[in-house]
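Owing to the predicted nature of the structure, the values given are computational and were not obtained by experimental measurement.
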Amino acid sequence: MESKGGASIPARIVVRNLSKRFANAGVVAFETLNFEVAEHEVLCILGPSGCGKTTLLRTIDGLITPDSGDVLIGDRRVNGPSRDVAMVFQQFGLFPWKRLDQNIAYGLKLRGKSNAEINAVVDHYVRLVGLSGFAQCYPFQLSGGMQQRAGLARALAVNPSILLMDEPFGSLDAQTRETLQEELLAILQREPKTMLFVTHSVDEAILLGDRILVMTHRPGRVREILPVEIPRPRDIGQVRADHRAIKLRAHIWEELRRDADREAGEAP
């Protein structure tokens with residue numbers, strides 16, 4: 001890969017000729033996907049519902065086996081889940097019978113960390129995601145936004161080098177969503193990660209991404225990969241007013257609209 005300045009950057013993730021078919025349903029989720037993600041790059045993935053975005057993340061995570069092609073993380077071929085990778089889902093995924101601090105500590109306990117180390121890491125990430133004072137609360141005592149902060153803290157606590165984010169803010173109200181977008185920008189500024197972020201929001205993709213991968217209708221293919229040429233650090237107001245963001249948003253919406261029109265024209 002090349003940086004914006006033209007220097008060579010080694011790929012952290014390589015997706016090569018990747019295809020997945022669900023034979024029982026007669027559905028091809030995606031086919032012949034090829035792209036790379038650089039170290040500490042944020043690649044946002046946009047596309048219509050059903051184009052295989054979630055299946056793609058699960059394949060990169062090693063939870064789903066592709067029918068053909070490969071996923072490489074560094075020089076390792078993905079054959080199953082890895083400690084280098086953590087995934088954050090839209091539905092929070094917290095254990096309702098565990099307190100917030102116990103939820104965040106879950107992955108650390110599985111890895112055999114000492115109680116002293118667990119307590120220090122949990123305290124750090126509780127503060128990092130803005131949940132100080134709520135560590136003893138159960139999920140039902142927290143708002144949706146707070147639960148999603150807890151899910152993000154749990155993923156970060158195991159110190160993955162790669163974060164896979166599957167529409168993590170999609171079920172939140174607009175104000176909470178924007179708050180968490182800015183929280184995530186701040187976290188990545190302090191603790192950079194390689195990240196794939198699936199979203200249906202063009203504005204969210206432009207705000208968070210270094211590049212945006214736009215997928216076609218099912219079977220999902222790479223329509224195009226677009227750079228987001230807005231410097232970091234970013235904030236929502238700055239990005240919304242930036243002429244580069246306005247131009248990029250218009251281009252992406254036009255491509256998505258054309259794809260939808262083509263799909264409608266092919267429907268029986």
Side-chain angles (χ1 to χ4, degrees), residues 1-4 9 11-22 25-38 41-61 64 66-73 78 87 90 162-170 181 194-230 239-240 242-268:
M1 298 187 65
E2 288 190 355
S3 70
K4 293 176 183 178
I9 300 175
R12 186 74 179 94
I13 302 170
V14 176
V15 172
R16 189 167 57 195
N17 296 321
L18 200 67
S19 298
K20 179 61 185 178
R21 174 188 294 272
F22 294 102
V27 170
V28 180
F30 53 78
E31 63 181 9
T32 325
L33 296 182
N34 288 279
F35 62 90
E36 298 180 357
V37 188
E41 180 183 19
V42 178
L43 180 70
C44 289
I45 302 175
L46 278 172
S49 296
C51 72
K53 300 185 295 296
T54 294
T55 302
L56 173 60
L57 284 197
R58 289 178 177 271
T59 304
I60 293 171
D61 197 24
I64 291 177
D67 292 310
S68 60
D70 297 297
V71 178
L72 302 176
I73 293 180
V78 171
M87 195 160 175
Q90 183 176 344
I162 296 170
L163 272 178
L164 306 177
M165 309 281 275
D166 188 14
E167 296 190 70
F169 309 146
Q181 288 168 351
T194 303
M195 188 168 81
L196 276 74
F197 191 104
V198 165
T199 179
H200 278 101
S201 168
V202 175
D203 289 329
E204 186 169 67
I206 294 171
L207 175 67
L208 298 176
D210 294 304
R211 291 186 300 153
I212 299 172
L213 188 159
V214 182
M215 295 182 68
T216 66
H217 275 273
R218 182 188 300 143
R221 303 182 183 93
V222 176
R223 172 169 294 283
E224 57 184 339
I225 301 178
L226 303 164
V228 182
E229 296 177 336
I230 301 172
V239 172
R240 281 179 177 165
D242 193 292
H243 68 93
R244 291 163 292 193
I246 295 169
K247 183 178 179 181
L248 183 57
R249 183 187 304 112
H251 171 80
I252 292 171
W253 273 117
E254 179 64 17
E255 288 302 307
L256 292 173
R257 184 188 65 77
R258 286 178 180 173
D259 200 30
D261 289 347
R262 279 191 289 267
E263 178 72 8
E266 293 172 4

Is the closest basic N to carboxylate O distance between E41 and R12 below 4.0 Å?
no
Heavy-atom closest contact (T216 atom, C51 atom, distance):
O-CB, 3.0 Å
Evaluate the side-chain proximity of L256 to V202: yes if any heavy-atom separation is below 4.5 Å, no if none is.
yes
Drop me the distance from F197's CZ to L163's CG, to the nearest 0.5 angstrom.
10.5 Å
Minimum heavy-atom distance T32-N34, with the two atoms named:
O-ND2, 3.4 Å
Taking the side chain from D67 and the backbone from R21, do they hold a donor-acceptor pair closer than 3.5 Å?
yes
Taking atom CD1 of I162 and atom CD1 of I13, what is their separation to the nearest 0.5 Å?
4.0 Å
Between the side chain of R223 and the main-chain N/O of V214, is any donor-acceptor distance below 3.5 Å?
no
Heavy atoms, side chains only, cut-off 4.5 Å: are D203 and R240 in contact?
no
Reported CG-to-CG distance for the pair L213 and L56, which is rounded to 0.5 angstrom:
8.0 Å
Of all heavy-atom pairs linking P66 and L18, the shortest is CB-CD1, 3.5 Å
Heavy-atom closest pair, residues V78 and I60:
CG1-O, 3.8 Å
Distance, nearest 0.5 Å, that separates CD1 of I230 from CG of D242:
4.5 Å
For a 4.5 angstrom cut-off between non-hydrogen side-chain atoms, does L196 reach F35?
yes
Would you say that I212 contacts V228 through its side chain, given a criterion of any heavy-atom pair below 4.5 Å between the two side chains?
yes
Side-chain donor or acceptor of S19 paired with backbone N/O of S68 under 3.5 Å:
no
Restricting to non-hydrogen atoms, name the atom on G52 and the atom on F30 that form the minimum distance, rounded to 0.1 Å.
O-CD2, 3.7 Å
Output a table of donor-acceptor pairs, distance under 3.5 Å, between side-chain atoms of residues 42-49 and any protein atom two or more places apart or on a different chain; print 'none' if there are none.
{"residue": "S49", "atom": "OG", "partner": "H200", "partner atom": "NE2", "Å": "3.4"}

Would you say D70 and N17 are linked by a side-chain donor-acceptor pair, where the criterion is simply a distance under 3.5 Å?
no
Contacts of D166 meeting side chain to side chain contact (heavy atoms under 4.5 Å, CB included) (sequence neighbours excluded), chain-then-number -> T54, L57, M87, V198
Does any part of the side chain of V28, heavy atoms only, come nearer than 4.5 Å to the side chain of K20, both counted from C-beta?
no
Please report the interatomic distance CG(L208) to CE(M165), rounded to the nearest 0.5 Å.
8.5 Å
Which pair of non-hydrogen atoms, one from V239 and one from A245, has the smallest distance, and what is that distance?
O-CB, 3.1 Å
Taken to the nearest 0.5 Å, the spacing of K53 NZ from R218 CZ works out to 10.0 Å
Would you check if the side chain of R244 reaches a backbone N or O of E229 as a donor-acceptor pair within less than 3.5 Å?
yes
